[in-house]
Trainee: 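The structure under discussion is supplied below as structure tokens; questions concerning it will follow.
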Number of protein chains: 2
Amino acid sequence: MTSIDDVAAHLGVSTATVSRALRGLPGVAEETRARVNSTAKELGYVPSSSASGLASGRTMAMGVLVPVIDRWYFSAVLEGVDRQLRAAGYDLILFSLGGDGVNRDRVFHRSILRKRIDALLVMSMHLTEEERKAVQQLEYPNIVVGGAVEGVRHVGIDDAKAARDAVEHLIGLGHTRIAHMRGGGSFDIDFQVPRIRQQAFQQVMEDHGLPVREDWSAFGDFRFTTSRVSALALLADPANRPTAVFCSSDEMAFGVLKAAAELGIDVPGELSVIGIDDHEFSEPMGLTTIRQDPEDQGAYAAELLLGELLRNEPADYPPPRPHLLVERHSTGPARG
Amino acid sequence: MTSIDDVAAHLGVSTATVSRALRGLPGVAEETRARVNSTAKELGYVPSSSASGLASGRTMAMGVLVPVIDRWYFSAVLEGVDRQLRAAGYDLILFSLGGDGVNRDRVFHRSILRKRIDALLVMSMHLTEEERKAVQQLEYPNIVVGGAVEGVRHVGIDDAKAARDAVEHLIGLGHTRIAHMRGGGSFDIDFQVPRIRQQAFQQVMEDHGLPVREDWSAFGDFRFTTSRVSALALLADPANRPTAVFCSSDEMAFGVLKAAAELGIDVPGELSVIGIDDHEFSEPMGLTTIRQDPEDQGAYAAELLLGELLRNEPADYPPPRPHLLVERHSTGPARG
DNA sequence: TTGAAAGCGCTAACAA
DNA sequence: TTGTTAGCGCTTTCAA
């Protein structure tokens, strides 16, 4: 492999000059810079990130920790993060916990702490006490995207307000018999989000003097499949069913929509359904929802970290990212 | 930061011994190894990947190049790759082209070639001539997952056979009026897959003496939204519509299903729909499809690369990964 | 079984 | 504007 020395020798200049020229540092004659650039290209020179990392202390890589990759929210955030990093010349090192917690120890001890990255972005997940301490003690900038983690900076929407807006949309339509399709369960271990949305639901209902029925709190696990099965039970009895369902995520709303279709329940005539997310499928499904933009959240968080790396001073605590009610065809006025 | 020297000094041994002990190399007294391990932990020692990379020439990281992250197939493959790498103590460096081609140059020149990785996994995408050469000339092991790229090793299902199986399922049910919801278009630039599936469709139809109607070749762009709109047009005229639609992907099949529901067309009574993928939503949607397992494909490819890295000799050319017809409720016998 | 020592390929003072 | 030089923190011979 051609090294910086080869380039220097080839031109009869010092390695320092080559290094400066290639990195665009000032104090290099334009003519020299041009010659260095063309020679480097000609020789097929590629700098070694190990060597420059070792010498400079900067790895030019950011770590991103996710609970799983192949879920709508996480992969969209990743997309936004990647975009920013790429533009800044940073590499993205992905650490997935892959659903189960088996990898956790390895991830935290082997890799993340392996001095391979300049900053860490953690995607909404529950961390153990030990892990949280590990993150807080990191000597490099870090931030959480999605659900908040105590004691760590955080980028995301105002989850309580988003849930509130969704439920109040339903109430504004005249609904009083409102069910909740909630996440949680196994995922409760990993996220704050389901809890926050559920509490917000109960609070709004209470604020409006509406009953929160135990048997109308259905468990959807944030998934289409689970939600559909739960909704099939929830909506089975025509005499005793809600007229609206607030879903903590769009994927769960799809499950409710599917169940309604199977049961021959007209949406929005007999049943209103609202979600949170604005998933890629929500528009063609005609789902009314609270839109959030995960890609924007990822980009914003990455940008913030990058800024800190550049200026070497902590950035302001970021305000919540915006959310927006998008009315489509799955919600309508309550009957009667 | 504590370095290997700190650990060595603390114990009164040499850095070489610490290095050997920590990496589990032979030739270290068990008692010494134990002392090194506990001291390292006690001091919170974490090896620098830059330093070890520079000294050993191995980065312990694998690059994964994807056209976009937030699509079902790609994120699932990523999940599988990550699982293998994590288990082997390797890090995963993600390079996304983010849909557009703006990043391409940066990715190929700055990062991938930046001597940061020991191997490269390319996810199905079209490479320019120059890019393909760059990949082929890489001095490290590489492989493509998904659509084949000429001259590069490849892991994936037999796409032609998968498409054929889907169409023959329809034909076996007595259908003769079969439409095709195809990908391609803007994506044609990036994938071989849509083309292969389309050619297979035409070939099977021909083999069975069935007509391929130009106006029944609908463009779905591999997406729910686009497919739904196309299907609305395709199915509009009751007197002149297909009795079955072969969709090159499940997401497009969802679009057809949605269009059928909007038009009041009974599935599978009046219309059979089959896809390829077995997307997470296909089971709850009752979609008949050809299952492939992208996570398995990713894991398999990563495993193969890891094996080469370990044994330092090229592995065999991998056979196609399996696919499977999964019959659910969206296909049925042709009427009459 | 252990240690000494020479790099790996860069960056960043400091000098010129 | 350019060069000299001393590391960065490991791994890996070679010797003991």
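Every chain is numbered from 1, with letters handed out A, B, ... down the list of sequences.
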Trainee: Rounded to the Å, how far apart are B:Asp5 CG and D:dG7 C1'?
Mentor: 12 Å

Trainee: To check you understand the geometry: which heavy-atom pair defines the closest contact between A:Asp118 and A:Pro141, and what is its length?
Mentor: O-CD, 3.3 Å

Trainee: Could you check which of D:dT1, D:dG9, C:dT11 has an atom nearest any side-chain atom of A:Thr32?
Mentor: D:dT1

Trainee: Closest-nucleotide mapping onto DNA chain D: is B:Ser50 or B:Leu25 further toward the 5' terminus? I mean the 5' end.
Mentor: B:Ser50

Trainee: Quick check against the 3.5 Å criterion: does B:His10 have a side-chain atom that pairs as donor or acceptor with the backbone of B:Thr39?
Mentor: no

Trainee: Rounded to 10°, tell me the angle between the two end axes of the helix from C:dT1-D:dA16 to C:dA16-D:dT1, each built from five pairs.
Mentor: 30°

Trainee: Tell me: CZ of B:Arg23 to P of D:dC10, nearest whole Å?
Mentor: 11 Å

Trainee: So, does A:Ser14 get its side chain near the phosphate of D:dG3, meaning an N or O under 4.0 Å from OP1 or OP2?
Mentor: yes

Trainee: Taking 4.0 Å as the cut-off, does a side-chain nitrogen or oxygen of A:Ser52 come that near to OP1 or OP2 on C:dC10?
Mentor: no

Trainee: Round to the nearest Å and state the distance from B:Lys115 atom NZ to C:dC8 atom C1'.
Mentor: 10 Å

Trainee: Can you check the A:Met60 CE to C:dT11 C1' distance for me, whole Å?
Mentor: 14 Å

Trainee: Can a side chain N or O of B:Thr15 be found less than 4.0 Å away from OP1 or OP2 on D:dC10?
Mentor: no

Trainee: Which residues pass the salt bridge (Lys or Arg N to Asp or Glu O under 4.0 Å) test with A:Glu30, not counting sequence neighbours?
Mentor: A:Arg33

Trainee: Rounded to the nearest angstrom, tell me the gap between atom CG in A:Leu54 and atom C1' in D:dC8.
Mentor: 4 Å

Trainee: Please give, in whole Å, the distance from D:dT11 P to B:Ile4 CD1?
Mentor: 5 Å

Trainee: Can you tell me how far P of C:dA12 sits from CG of A:Leu22, to the nearest Å?
Mentor: 14 Å

Trainee: Is the shortest side-chain N to carboxylate O distance from A:Arg321 to A:Asp293 below 4.0 Å?
Mentor: no

Trainee: Any side-chain heavy atom of A:Val152 sitting closer than 4.5 Å to one from A:Ile143?
Mentor: no

Trainee: Which nucleotide, D:dC10, C:dT1, D:dT12, lies nearest any side-chain atom of B:Ala29?
Mentor: C:dT1

Trainee: Would you mind reading off the distance between A:Arg58 atom CZ and C:dG9 atom P, rounded to a whole angstrom?
Mentor: 20 Å

Trainee: Closer than 4.0 Å, any side-chain N/O of A:Ser19 to the OP1 or OP2 of C:dT11?
Mentor: yes

Trainee: Does a salt bridge link B:Glu308 with B:Arg153, judged by any charged N lying under 4.0 Å from a carboxylate O?
Mentor: yes

Trainee: Report yes if the side chains of A:Gln84 and A:Leu305 come closer than 4.5 Å at any heavy-atom pair, otherwise no.
Mentor: no

Trainee: Relative to the 5' end of DNA chain C, which residue comes earlier, B:Ala55 or B:Ala16, by the nucleotide with the nearest heavy atom?
Mentor: B:Ala16

